[in-house]
Enquirer: 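One structure is given below, represented as structure tokens, and several questions about it will come after.
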Amino acid sequence: VCSSDLKCMAAATETFPELVRELADGSVQPTPQDSSLRTYFGKDQKPPCAGTLDWDASAVRIEAFVRALTFGPYPNPVALPKISAPEGGVPPLVVRSAALVEWGRSEGHRPGMVVAATDTSMVVATGDGYLALSDFLDLAGEELSPTAAAERLGVTPGAVLGSVSDDLDAIAGETGKAEGFWTQRL
């Protein structure tokens, strides 16, 4: 079960008796949605660059991005968060866990630079800090340790992971439109 599912279920369980009470005594105060604040994401709209992590973003933003795209045991129709090799040529890897590392600002380390790769995590510099990445999968679904992920991508500490590109973003946008068709066919 996803943590967001648990949070929603806990909030619903906690507030449901109050809602029933307000419905029974007629004191419910509906709150209209502010139309100017709403957003809409169509089924074909996907995250930028097919979910490839943007190392220039803040550590907090990347961590939230990974968490938002990690659905636990549920199918993910949106995109999987991915990291790629420095020079391409190697399929990207899915990363299902990112944790903030309290080392301060990433002074002296370029965004995307691998700082460490151990049995427990791959630490990568971001635009303003560091993330410990773990729980990797290859595109066939095979689980990889952080050291195995680093080996698969051909990176060691000091190497800079692949970055996002406008070309990839355009390709992902176009292929997303046909994804439903191909998913049913396969």
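Numbers for residues simply follow the sequence, beginning at 1. Side chains are part of it too, since the values below use all heavy atoms of this structure and drop only hydrogens, waters and symmetry mates.
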Enquirer: With ILVMFWY side chains joined below 4.5 Å, transitively, what does V160's cluster contain besides itself?
Expert: M113
Enquirer: State, to 0.1 Å, how close A85 and V90 come at their nearest heavy-atom pair, and which atoms those are.
Expert: CB-CB, 4.0 Å
Enquirer: Keeping T118 on the side-chain end and T120 on the backbone end, is there a donor-acceptor pair under 3.5 Å?
Expert: yes
Enquirer: Got more than 12 heavy atoms from elsewhere within 6.0 Å of CZ, R61?
Expert: no
Enquirer: Given side chains that start at C-beta, do those of C49 and D54 come closer than 4.5 Å, heavy atoms only?
Expert: no
Enquirer: Would you call P86 and V155 a side-chain contact if the rule is heavy atoms closer than 4.5 Å?
Expert: yes
Enquirer: If you compare all heavy atoms of F71 against all heavy atoms of P77, which two are closest, and at what distance to 0.1 Å?
Expert: CE2-CD, 3.7 Å
Enquirer: Please name the pair of heavy atoms, one in L100 and one in E63, separated by the smallest distance, quoted to 0.1 Å.
Expert: CD2-CB, 4.1 Å
Enquirer: Are L131 and L137 linked, directly or through other ILVMFWY residues, by side chains that come within less than 4.5 angstrom of each other?
Expert: no
Enquirer: Looking at every non-hydrogen atom in both residues, tell me the closest pair between V114 and M122 and how far apart they are.
Expert: CG1-CG, 4.1 Å
Enquirer: Minimum heavy-atom separation for R96 to V66, with atom names?
Expert: C-CG1, 3.9 Å
Enquirer: Got L53 and P81 here, is their nearest side-chain heavy-atom distance under 4.5 Å?
Expert: yes
Enquirer: Are V94 and L133 linked, directly or through intermediate hydrophobic residues, by side-chain heavy-atom contacts shorter than 4.5 Å (ILVMFWY only)?
Expert: no
Enquirer: Please find the pair of heavy atoms, one from L153 and one from S84, that lie closest to each other, and give the distance.
Expert: CD2-C, 4.0 Å
Enquirer: If only atom types and distance count, is the side chain of D138 paired as donor or acceptor with the main-chain N or O of L144 below 3.5 Å?
Expert: no
Enquirer: With a cut-off of 6.0 Å (strictly less than), are more than 12 heavy atoms of other residues, nucleotides or ligands near CG of D119?
Expert: no
Enquirer: Would you say L80 ends up clustered with I62 if hydrophobic residues are merged whenever their side chains have heavy atoms under 4.5 Å apart, either directly or through other cluster members?
Expert: no
Enquirer: Do P92 and L139 make a side-chain contact, defined as non-hydrogen atoms from C-beta onward lying under 4.5 Å apart?
Expert: yes
Enquirer: Does the D128 side chain pair with the main chain of A59, one donor and one acceptor, at a distance under 3.5 Å?
Expert: yes
Enquirer: Say whether M9 and V20 are linked into one hydrophobic cluster, either directly or through other cluster members, by side-chain heavy-atom distances under 4.5 angstrom.
Expert: no
Enquirer: Measuring from H109:NE2 to T126:OG1, what's the distance to the nearest 0.5 Å?
Expert: 12.0 Å
Enquirer: For the hydrophobic clusters of this structure (ILVMFWY residues joined by side-chain heavy atoms under 4.5 Å, transitively), does one cluster hold both I83 and V124?
Expert: yes
